[in-house]
**Student:** 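I'd like to ask some things about the structure below.
Each chain gets a letter, A, B and so on, in the order its sequence line appears, and its residues count up from 1. Bear in mind the structure is a predicted one, so any value in this text is a computation, not a measurement.
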Protein chains: 2
Amino acid sequence: MSAILNKVTIIGVGLIGGSFAKGIKQAGLVEEVIGFGHNDANLQLAVELGVIDSFTTDMAEAVDGSDLVFLAVPLGAMKTVLAEMKPYLSSKTIITDGGSAKSSVILSAQEVFGELPENFVPGHPIAGKEKSGVAAADEALYVNHRVILTPTEKTALSALAVVKQLWLALGANVEVMNAQQHDEIFAATSHLPHLLAFALVDMLNEHEELGDVFKYTAGGFRDFTRIASSDAVMWRDIVMYNSTAIAKWLKYYGQAITELTELVENKDAQALYTLFDEAKKARDKHIVQK
Amino acid sequence: MSAILNKVTIIGVGLIGGSFAKGIKQAGLVEEVIGFGHNDANLQLAVELGVIDSFTTDMAEAVDGSDLVFLAVPLGAMKTVLAEMKPYLSSKTIITDGGSAKSSVILSAQEVFGELPENFVPGHPIAGKEKSGVAAADEALYVNHRVILTPTEKTALSALAVVKQLWLALGANVEVMNAQQHDEIFAATSHLPHLLAFALVDMLNEHEELGDVFKYTAGGFRDFTRIASSDAVMWRDIVMYNSTAIAKWLKYYGQAITELTELVENKDAQALYTLFDEAKKARDKHIVQK
C-alpha cells in the first residue's frame, strides 16, 4: 500500500497504541509515526522495536502538522490530553482514540473544544493481550478483531473514512454505531462480567468461615474468574467513565439473581432447567469455542 | 499393587464411573469390576474399551457378593438406585458415590436404609472433562485432582480407609470433611459461579434491545461464560439437591451486587479500586494459572 498520511501521532505508546503504530507503519500507510509520552525509556524502546519512527515528550512537537492523532491513554487521562494538545492542533488533524467507553470521551472533547471537532472519530478496538506495554506491541493484534467507531453528529465522513481505512488495513473488522449504543453493549457484555467476577472473588475471600476456599476451585472457577485478575486501575476508570450504563446492567443482573434465588428456594426444577437450557443453547449458538 | 478387593460394582458406567473402574483395574487393586446400567450397548462398549470386566442389567447380580459399590449416577437417581440395591446388599459391602452434593445423598441413604450404613462412604471427585460418556473414560482422569470424602457419624474407619486407598491409587489428592462443609464450599465455589454464568447469558439473550449482542463479546466473556455451556439437567439436579447452601450464597452474592451497584452509582473511585485490587490480589495469590 502507498502512504495515505504523512505524520501520525501516537499519544501513549503501550500495547494498544504501539500495535496500531507498528501495524500502520508495516502496512506502509504512513510516512512517519511519532510517539508522545512522558517516559523516555519506554519511548526509546518503542523506536528500537520499530513500533514508532521517533518520539517526543513535547506536545507541540508531537501534534504539529500531524494528519492523525491516536489517543491510546487510559480513560482517566483523555480529557487532560485533549486539553494539552488543543493549542497545537490544526483543524485538519484527525483525532481518534482507543478508549473502551465512548460517551465520556465525547463529553470530554465537547468540554475541551467547546464544540465537537469535525475530525474527531471516537473508536474502540476490542483487543487485548495478557501482556501489556510496548514490548508486547504486535502489528497483528487487531487481525480479525472488532473495532467499533462511534462518530458524533459532527464527525466528517472523510475523517471517518480515513480512520476506517487504517483499521481495515490492520485486519480489523470495523463497525460503526453511536456512542450510547456502544456503551450499553459493552457495559452488558464486558464491564458487567468483569464486575461480577471481581465481586465473586472478593466475596469468597472475605467469608473466612469457608477457610482456604480457593484450593477447592477447579477449571470452571479459574475460567470464570480470569477477568478478576485484570488491572484494578483500568477497571476503576472504566466504571467511572461508563457508570450510568454499568449501574443499569448491574441492576438488571441483581434482579435476575433475586429471581433465580427464588427459583432455588422454591426448588422449581422446571424453571431452573429452562433457564439453564436456554442459556446453554444461546451460548453454544453464539460463542465460537476457542 | 496386589488386589485388595475381589468384586467392585460400578453403578453407572460413564466418564466418572468408567474412569474410576479403568483406574482401579489398571492399578491391579481389584480382581473383577462389573458394570451395572440400563444400556446394553454402552456397557458392551465399556467392556470392549477395557473399562470394566463384565456387565449386567440385573441389580441382584450386580451387587451380590460385591466388596464395593460405586454409585456414579446423577444426583437425581441416587435414592432410587440405593432402594433398588438394598435387598441384595451385604452389610459388608462398602458403598461409595461420586455425587457433587453430599448432604442429599446421605439423607437418601438414611431414608432408604432406616439408619446410615456403617460401610457408606460418601465422596466427590472434583474432576471432569469436556467430553462425557464411557468413551471418554480415562484412568488418569483423577491424577492430581481432589477427591472429597464426607464420612457420616456412622461410617466405619475401615470402610473410609479402603475408599481412600482406591482414590490415592488413582493419583487423587484425598481430603476428608463433613458433608455440610463440603456442600457450603462447593455451593460457593462451583454451584454459585455456574448459576451466575447461566444468569448472565440468559439476561443478555432476553434483552432484545441489545441486538445480536454476543457478536461483540471477546475472550473474557467466552471464559467467563464457559460454564454456562454445561449440561442443564445435571445443573438442575445439583441445584435441587444442594438448594439450601446455594440459596444462601446466592443471597450473599445478591447483597454484594447491591453494594457494588451503589459504589458505581456514587462513582466511589477509591472503594471500587480497593474492591478490584483485593479481588485481583486474592485471585493471583490463590489460583494457579493454567
Side-chain angles (χ1 to χ4, degrees), chain A residues 126 146 185 188-190 193 195-205 210 213-214 216-218 220-229 232 235-236 239-240 243 246-247 250-254 256-258 260-261 264-265 267 269 272-273 275-280 282-284 286-287 290, chain B residues 126 146 185 188-190 193 195-205 210 213-214 216-218 220-229 232 235-236 239-240 243 246-247 250-254 256-258 260-261 264-265 267 269 272-273 275-280 282-284 286-287 290:
Chain A
I126 319 300
R146 212 170 286 269
I185 287 174
T189 60
S190 170
L195 267 60
L196 300 182
F198 283 127
L200 178 67
V201 174
D202 258 323
M203 186 180 84
L204 297 185
N205 196 38
L210 286 170
V213 70
F214 293 101
Y216 300 106
T217 58
F221 185 87
R222 191 178 302 121
D223 285 348
F224 185 81
T225 60
R226 181 161 291 120
I227 50 181
S229 285
W235 281 96
R236 177 200 65 193
V239 174
M240 296 300 284
S243 61
I246 293 172
L250 269 172
K251 282 182 184 171
Y252 281 146
Y253 192 76
I257 293 303
T258 301
L260 179 53
T261 307
V264 174
E265 286 189 314
K267 293 196 180 193
L272 288 164
Y273 172 78
L275 191 152
F276 299 163
D277 186 53
E278 285 179 359
K280 175 178 169 53
R283 186 176 186 281
D284 289 348
H286 293 293
I287 309 291
K290 280 186 190 171
Chain B
I126 319 300
R146 212 170 285 267
I185 288 173
T189 60
S190 170
L195 266 60
L196 299 183
F198 282 128
L200 178 66
V201 175
D202 257 324
M203 186 180 85
L204 297 186
N205 196 38
L210 287 170
V213 70
F214 293 100
Y216 299 107
T217 60
F221 184 87
R222 192 179 300 123
D223 285 347
F224 185 82
T225 60
R226 181 161 291 121
I227 50 181
S229 285
W235 281 96
R236 177 200 64 193
V239 175
M240 296 300 284
S243 61
I246 293 172
L250 269 172
K251 281 181 186 172
Y252 282 145
Y253 192 77
I257 294 303
T258 301
L260 179 53
T261 308
V264 174
E265 286 188 316
K267 293 196 179 192
L272 288 165
Y273 173 78
L275 191 153
F276 300 163
D277 186 52
E278 285 178 358
K280 175 178 170 53
R283 186 177 185 281
D284 289 348
H286 294 293
I287 308 290
K290 282 185 186 172

**Student:** For A:A218, is it the side chain, the backbone, both or neither that has a heavy atom under 4.5 Å from a heavy atom of chain B?
**Tutor:** side chain
**Student:** State the CZ-CD distance between B:F198 and A:E278, to the nearest 0.5 angstrom.
**Tutor:**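 Between B:F198 CZ and A:E278 CD, I get 12.0 Å after rounding to 0.5 Å.
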**Student:** Is chain B contacted by the side chain of A:T261, its backbone, both, or neither, given a heavy-atom distance below 4.5 Å?
**Tutor:** both
**Student:** Where does B:T258 contact chain A at under 4.5 Å (heavy atoms): side chain, backbone, both or neither?
**Tutor:**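 Answer is neither: B:T258 stays 4.5 Å or more from chain A.
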**Student:** Quick one: of A:A282, A:G220, A:P193, who has the most non-hydrogen atom pairs under 4.5 Å with chain B?
**Tutor:** A:P193
**Student:** Could you tell me which portion of A:I185 (side chain, backbone, both or neither) has an atom closer than 4.5 angstrom to a non-hydrogen atom of chain B?
**Tutor:** both
**Student:** Go through the atoms of A:I126 and report whether side chain, backbone, both or neither lie under 4.5 Å from a heavy atom of chain B.
**Tutor:** side chain
**Student:** Among B:T189, B:I257, B:L272, B:N205, single out the residue with the greatest number of heavy-atom pairs under 4.5 Å to chain A.
**Tutor:**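 The option with the most such pairs is B:T189.
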**Student:** Specify which of B:W235, B:Y273, B:F221 makes the most heavy-atom pairs with chain A at under 4.5 Å.
**Tutor:** B:Y273
**Student:** Return the OG1 to CD1 distance between A:T217 and B:I287, rounded to the nearest 0.5 Å.
**Tutor:** 3.5 Å
**Student:** Less than 4.5 Å to any heavy atom of chain A: does that hold for the side chain of B:M203, its backbone, both, or neither?
**Tutor:** side chain
**Student:** In terms of ring plane angle, is the pair B:Y253 and A:Y253 parallel, tilted or perpendicular, where the classes change at 30° and 60°?
**Tutor:**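 Perpendicular.
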**Student:** With a 4.5 angstrom heavy-atom cut-off, is it the side chain or the backbone of B:D202 that approaches chain A, or both, or neither?
**Tutor:** both
**Student:** Between B:L200, B:V213, B:I246, which has the largest tally of heavy atom pairs under 4.5 Å with chain A?
**Tutor:** B:L200
**Student:** Would you mind telling me which of B:A228, B:A279, B:G254 has the largest number of heavy-atom pairs within less than 4.5 Å of chain A?
**Tutor:** B:A279
**Student:** Select one option (side chain, backbone, both, neither) describing which atoms of B:I227 are under 4.5 Å from chain A's heavy atoms.
**Tutor:**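 Just its side chain gets close to chain A.
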**Student:** Which atoms of A:L204 come close to chain B, meaning under 4.5 Å heavy atom to heavy atom: side chain ones, backbone ones, both, or neither?
**Tutor:**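 Side chain of A:L204 only, per the 4.5 Å heavy-atom cut-off to chain B.
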**Student:** Does NZ or CZ of B:R226 come closer than 6.0 Å to the centre of the six-membered ring of A:F224, within 45° of the ring's axis?
**Tutor:** no
**Student:** Treating B:R283 as the side-chain partner and A:V201 as the backbone partner, does any N or O pair qualify as donor plus acceptor under 3.5 Å?
**Tutor:** no
**Student:** Calculate, to the nearest 0.5 Å, the distance between atoms CG and CG belonging to B:L275 and B:L260 respectively.
**Tutor:**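 The CG atom of B:L275 sits 6.0 Å away from the CG atom of B:L260.
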**Student:** With only heavy atoms counted, which part of B:S243 is less than 4.5 Å from chain A, the side chain, the backbone, both or neither?
**Tutor:** both
**Student:** Between B:A269, B:A247, B:A256, who has the most heavy-atom pairs with chain A when the cutoff is under 4.5 Å?
**Tutor:**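 Most heavy-atom pairs under 4.5 Å with chain A: B:A269.
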**Student:** Determine, for B:F276 and A:R236, whether the Lys NZ or Arg CZ falls below 6.0 Å from the six-membered ring centre while staying within 45 degrees of the axis.
**Tutor:**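 No - A:R236 does not lie over the ring of B:F276 by the 6.0 Å and 45° rule.
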**Student:** I need the minimum non-hydrogen distance between A:M240 and B:K267, along with the two atoms involved.
**Tutor:**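 Result for this residue pair: CE-O, 3.2 Å.
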